[in-house]
Amino acid sequence: MFGLGTHWEFIAGAYAVSGAVLIALVAWVLSDLHVQRRILRDMDARGIRRRSDGGSA
Amino acid sequence: MTAVGALFVRELRLATRAGGGALMGALFFLIVVTVVPFGVGPEAKLLARIGPAILWIGALLATLLSLDRLFQADRDDGTLDLILAGETPLEFVVLVKCAAHWVATGLPLVLVSPLLAVLLGMEPVAIGATMLTLALGTPGLTFIGAIGAALTVTLRRGGLLLAVLVLPLTVPILIFGVSAASAVVMPPTPFLAPLLILGALALFAIVIGSAATAAALRFSTD
Amino acid sequence: MTAVGALFVRELRLATRAGGGALMGALFFLIVVTVVPFGVGPEAKLLARIGPAILWIGALLATLLSLDRLFQADRDDGTLDLILAGETPLEFVVLVKCAAHWVATGLPLVLVSPLLAVLLGMEPVAIGATMLTLALGTPGLTFIGAIGAALTVTLRRGGLLLAVLVLPLTVPILIFGVSAASAVVMPPTPFLAPLLILGALALFAIVIGSAATAAALRFSTD
Amino acid sequence: MPLIDLANPTRFLSLVDRALPWLAGLAGLVLAIGLYLSIAVAPDDYQQGATVKIMFIHVPSAWLSMLCYMLMAVSALGTLVWRHPLADVSAKAAAPIGAAFTFMCLATGSLWGKPMWGTWWQWDARLTSVLVLFIMYLGLIALWRTIEDPARAGRAVAILTLVGVVNIPIIKFSVDWWSTLHQPAAVIRLDGPTIHPSMLWPLLITALGFTLVFFALHLGAMRNEVLRRRVRTMRLLEAADGAE
Amino acid sequence: MRLIGGDLTCERGGRRVFSGVGFAVPAGRALVVTGPNGAGKSSLLRLIAGLVTPVAGTLALEGADGDLSVGQQCHYFGHLDALKPALTVQENLGFWRDFFEAPAGSTTDALQAVGLERLAAMPAAYLSAGQRRRLSFARLLVSYRPVWLLDEPTSALDAASQDRLVAIVAAHLAEGGIVVAATHAPLDFGEPLRLDLSPSARVAA
Amino acid sequence: MRLIGGDLTCERGGRRVFSGVGFAVPAGRALVVTGPNGAGKSSLLRLIAGLVTPVAGTLALEGADGDLSVGQQCHYFGHLDALKPALTVQENLGFWRDFFEAPAGSTTDALQAVGLERLAAMPAAYLSAGQRRRLSFARLLVSYRPVWLLDEPTSALDAASQDRLVAIVAAHLAEGGIVVAATHAPLDFGEPLRLDLSPSARVAA
Ligand code: HEM
Ligand SMILES: Nc1ncnc2c1ncn2[C@@H]1O[C@H](COP(=O)(O)OP(=O)(O)OP(=O)(O)O)[C@@H](O)[C@H]1O
Ligand SMILES: Nc1ncnc2c1ncn2[C@@H]1O[C@H](COP(=O)(O)OP(=O)(O)OP(=O)(O)O)[C@@H](O)[C@H]1O
Ligand SMILES: [Mg+2]
Ligand SMILES: [Mg+2]
């Protein structure tokens with residue numbers, strides 16, 4: 001009942017939304033990684049080092 | 001007096017003394033329900049039609065929002081530490097506290113519901129049905145809400161977060177409560193079935209609620 | 001930085017840091033609106049019809065209930081004592097705190113409202129109108145709610161009592177907000193008039209609100 | 001038993017550093033193939049026309065939204081029962097991703113619904129339960145955000161997750177009852193056409209691609225979370241040293 | 001009866017507070033825990049009370065009935081007075097008497113002992129810092145538990161009340177009770193055992 | 001500059017706490033308020049700070065600029081530390097510096113003075129009891145106000161921190177400041193004026 005290409009905007013929209021969400025997720029993970037690593041580097045520079053994992057003093 | 005007895009009496013005292021919110025829930029219920037027509041508009045038919053829904057949603061919010069200090073007050077002043085170190089099993093403590101809270105907050109709510117139903121122009125039979133379903137359902141809501149109260153016990157801003165956490169879990173009770181209440185006015189739909197399911201859900205909520213709440217409280221200490 | 005500037009920044013920081021309830025209001029709004037159809041039933045026409053009312057009442061509750069810690073937190077940790085002993089007029093303090101609170105809580109609420117409107121199946125024009133009225137009305141609600149927050153600051157259980165005290169005062173804003181929002185879909189009824197009145201009411205609320213709140217806070221000490 | 005080896009965060013980190021690039025690459029590849037097949041190769045549906053192409057992202061995202069919650073439930077057990085140190089890290093990392101995929105399902109679904117039913121949204125049982133699931137995700141995230149101490153937050157969220165798991169079937173059941181009770185206006189055939197093999201394969205491959213992407217993201221988020229906790233621990237150490 | 005801790009390790013908020021702490025307190029003796037701010041005094045008391053779970057180490061109360069946990073045999077007297085402002089002094093105390101098993105003296109005697117008998121009918125909201133502290137201490141007298149855990153018990157107390165408290169503690173010890181107290185101020189509990197949590201001392205040990 | 005109170009009467013919760021209390025503290029001197037629990041020490045400080053209104057009596061700060069109330073010239077250091085756990089040490093202190101007029105020293109100097117400089121970037125939530133109290137005291141150093149009202153300032157502080165605090169107070173007095181301190185513990189603020197609120201003493205006076 002639909003010819004080819006009808007509603008293409010909805011299809012494009014759906015794919016666009018999904019792509020945006022996926023890209024956002026990837027960006028979130030990468031940027032977060034970047035931030036955490038930078039903080040750790042700064043701390044290392046300030047001479048604070050982990051004495052062992054799990055934060056034992 | 002036994003430990004649980006003493007706890008029950010104390011909870012009721014606290015609820016009824018100055019600063020305790022015994023009738024607060026009922027009052028909130030009353031005001032929310034009276035405010036709705038200002039938004040929806042005054043058409044009598046429409047209001048009567050969605051009456052049970054308004055009452056149930058109002059009761060749902062009033063119950064959940066009145067729970068935020070259920071355990072938090074005890075934690076802030078150190079009472080919770082001592083209760084945990086007591087001989088009474090925590091599940092009983094939760095059970096008693098919730099029961100007392102329902103008596104002080106849920107029951108008044110059930111009792112004023114007919115008044116509001118009249119305001120909304122509902123038919124007598126619908127009014128009775130709504131009141132019945134509320135009496136059956138609100139205990140369940142209290143115990144589900146208790147889980148949220150225990151999870152947010154360490155947090156200052158209990159209120160909203162609590163509602164946000166447990167509202168999805170209360171959907172079944174809401175659905176069957178409303179459908180039982182409104183079944184009586186639209187003949188074909190069954191009345192007894194949803195009512196029984198509502199009762200079952202409430203019982204289930206009480207069991208799960210006490211267990212989960214006790215667990216959450218145990219983990220909250222430190 | 002000036003005193004008020006420092007206060008504004010601090011309030012925003014507190015709202016957005018862990019433990020702060022920046023988006024909690026919007027979340028509560030989302031959930032309440034989602035729960036309503038379970039009570040009212042899924043009929044698209046009915047929901048679209050009462051859509052503006054649902055959104056407005058939801059926004060009203062979310063705003064008021066998110067206010068309970070506005071001054072309570074500052075009182076519990078002694079900040080309020082110091083603010084009272086500061087050189088900044090208390091009215092400014094209230095104004096700044098409420099403004100920051102609206103930015104952190106009211107604004108997100110306005111921004112999500114279109115999504116919820118879509119869920120309720122409202123028409124695009126109605127959606128726009130509702131969003132506009134909310135943007136105009138919620139600041140007023142915040143300042144009226146602030147009065148309640150200040151009154152309940154000495155009582156522990158702010159949440160419900162606040163709503164109970166303040167809800168009646170918010171009825172005018174609710175009425176004109178909803179009628180302006182729903183006017184656009186039922187042509188004969190005027191749209192601009194209620195909108196202008198709404199704006200006037202909001203302004204009025206801001207003025208009265210800051211003054212009354214400041215007064216209430218002054219009395220709250222001891 | 002690998003889970004035991006993973007108990008040590010440092011070993012976990014090194015493993016992720018090694019494995020993640022490959023996993024990510026593979027995920028990208030499979031997803032690309034799947035999308036190519038579903039967009040270019042797969043035929044249009046005889047009655048839904050080209051819009052059926054939405055199915056190839058809609059259904060996988062729907063499946064993943066449920067898979068992710070199940071994964072969180074298992075993690076919750078890991079936190080409360082087995083006390084595995086990485087369990088709540090996994091749960092916390094999964095929540096936002098799950099919410100994202102649920103949102104994807106909702107968005108693509110309603111973008112499909114507009115041409116199919118002429119409306120963006122229907123209060124139909126299945127759609128509504130997805131919406132409720134989405135809200136439960138948001139609630140869990142909110143709880144994570146508000147409790148500062150990660151250990152305490154982990155236990156609280158674990159309890160809520162398990163309570164949620166117990167409730168999900170009940171919610172599904174009651175929502176079904178609710179929508180059948182009211183017989184929604186538009187008759188929806190969500191299950192759509194019985195899927196023809198020429199569509200099934202692209203769908204399955206895309207779904208596999210989505211799943212791989214999900215696990216890649218999850219691992220990455222877990223690594224970030226471990227690092228974040230390391231930062232916090234070191235801050236606390238700093239505070240302790242500052243005390244002397 | 002002996003309260004025994006074998007190298008206990010405590011973590012709070014993901015941070016190691018102390019490790020390798022051990023002690024053995026026989027009946028009738030007091031253990032005084034000292035150390036600078038943040039050394040972990042309060043944490044140790046909460047750990048004994050069962051409110052903080054140790055990461056490692058053993059804790060036992062020898063010669064007590066086995067089916068009760070150590071925490072259930074301890075009275076924990078911390079910074080927080082578990083008082084409800086809305087209830088009267090009498091009601092506050094009475095509740096704890098009923099809630100705990102093994103009630104000991106009557107509430108009136110207890111109030112007398114801490115010198116609050118005249119305020120029995122007053123809402124707890126009206127009490128001053130020290131009065132609140134005394135009322136919350138009276139809780140230890142209305143129900144018997146062998147072990148008392150006192151966290152800076154004399155803080156906010158005036159001289160007279162401090163003497164009263166010391167006398168009460170001495171009586172409890174004389175009855176063969178056990179007391180563990182964390183404090184900055186010097187307290188004379190007979191000749192108590194001492195545990196120094198300051199890091200330097202722990203390195204030495 | 002002199003802080004003068006002329007027979008002040010204070011009621012709280014409808015009950016008379018004290019009456020006929022008077023004092024005059026010249027610049028550079030400290031007034032140490034003593035008395036048993038419930039005598040009204042905290043009430044007196046809150047009264048001077050303008051947080052409790054006296055039923056009768058006069059209160060004035062002679063020789064200060066007139067358009068500020070007495071309370072606005074006082075730093076009130078009570079039991080509650082006005083700290084937000086979510087903010088860092090630096091942010092907490094910085095806010096008060098900006099909020100009060102007449103900023104004095106920088107936040108870094110103040111943190112140094114109380115020995116918290118290394119924790120500047122730390123969320124206040126991570127601090128221990130003593131550290132919190134010190135941070136809250138640092139507030140008095142970032143903005144100048146002539147009168148300091150200290151309610152049991154040394155509570156929860158270990159020996160080292162107590163010495164630091166006494167030194168800071170001495171410096172403030174040397175600059176011609178005024179200090180009113182309520183305490184049970186002996187504090188050596190030079191040779192302070194003394195005000196005994198214990199009922200017996202007030203009858204004698
Ligand atoms: C917001 C709207 C929608 C939501 C939330 C939604 C949700 C879901 C979910 C959860 C599934 C997975 C069911 C399962 O495999 O157990 C699914 C599958 C599917 N949906 Fe949707 N859907 C929506 C709209 C639509 C529309 C408009 C159509 C087409 C007219 C559609 C067609 C399908 C098809 C064909 C499947 C795969 C068949 C199946 O697994 O049952 N959906 N959808
Ligand atoms: N609730 C908590 N969550 C996380 N960490 C905490 C908590 N309470 C205390 N700590 C940390 O544990 C350490 C020990 O605290 P604790 O209160 O036991 O010290 P303390 O010896 O009692 O100090 P004080 O003399 O000030 O009472 C402190 O460094 C503090 O940062
Ligand atoms: N918020 C209040 N409301 C009503 N009465 C109060 C309040 N706070 C204190 N009081 C009463 O005022 C009297 C004095 O209290 P205040 O705290 O000033 O005594 P204090 O000398 O500070 O005692 P402490 O040494 O224990 O701190 C007390 O008897 C108390 O009952
Ligand atoms: Mg301590
Ligand atoms: Mg005092």
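Below, chains carry the letters A, B, ... as their sequence lines are ordered, and counting in each starts from 1.
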Closest contact, heavy atoms only, Gly78(C) versus Ala82(F)
C-CB, 4.0 Å
Between the side chain of Gln72(F) and the main-chain N/O of Gly86(C), is any donor-acceptor distance below 3.5 Å?
yes
The interface call for Ile83(C) against chain F, heavy-atom contacts under 4.5 Å, is both
Identify the heavy atoms of Val93(C) and Phe99(F) that sit nearest to each other, and give their distance.
CG2-CZ, 4.2 Å
Arg218(C) CZ to Thr53(F) OG1 distance, which is reported to the nearest 0.5 Å
13.5 Å
So how far is it from His75(F) NE2 to Leu82(C) CG, rounded to the nearest 0.5 Å?
9.5 Å
Given the options Val4(C), Asp81(C), Leu84(C), which has more heavy-atom pairs under 4.5 Å with chain F than any of the others?
Asp81(C)
For chain C, which residues of residues 89-96 of chain F have at least one non-hydrogen atom nearer than 4.5 Å to it?
Glu91(F), Phe95(F), Trp96(F)
Atom OH of residue position Tyr144(F) - does it have more than 12 heavy atoms of other residues, nucleotides or ligands inside 6.0 Å?
yes
Chain C contact via Leu68(F) - side chain, backbone, both or neither, heavy atoms under 4.5 Å:
side chain
Heavy atoms only: give me the nearest Leu80(F)-Asp77(C) pair and the separation to one decimal.
CB-O, 3.7 Å
So do the side chains of Arg10(C) and Lys84(F) get within less than 4.5 Å of each other, counting heavy atoms only?
yes
Non-hydrogen atoms of chain C under 4.5 Å away: do they reach the side chain of Arg139(F), the backbone, both or neither?
side chain
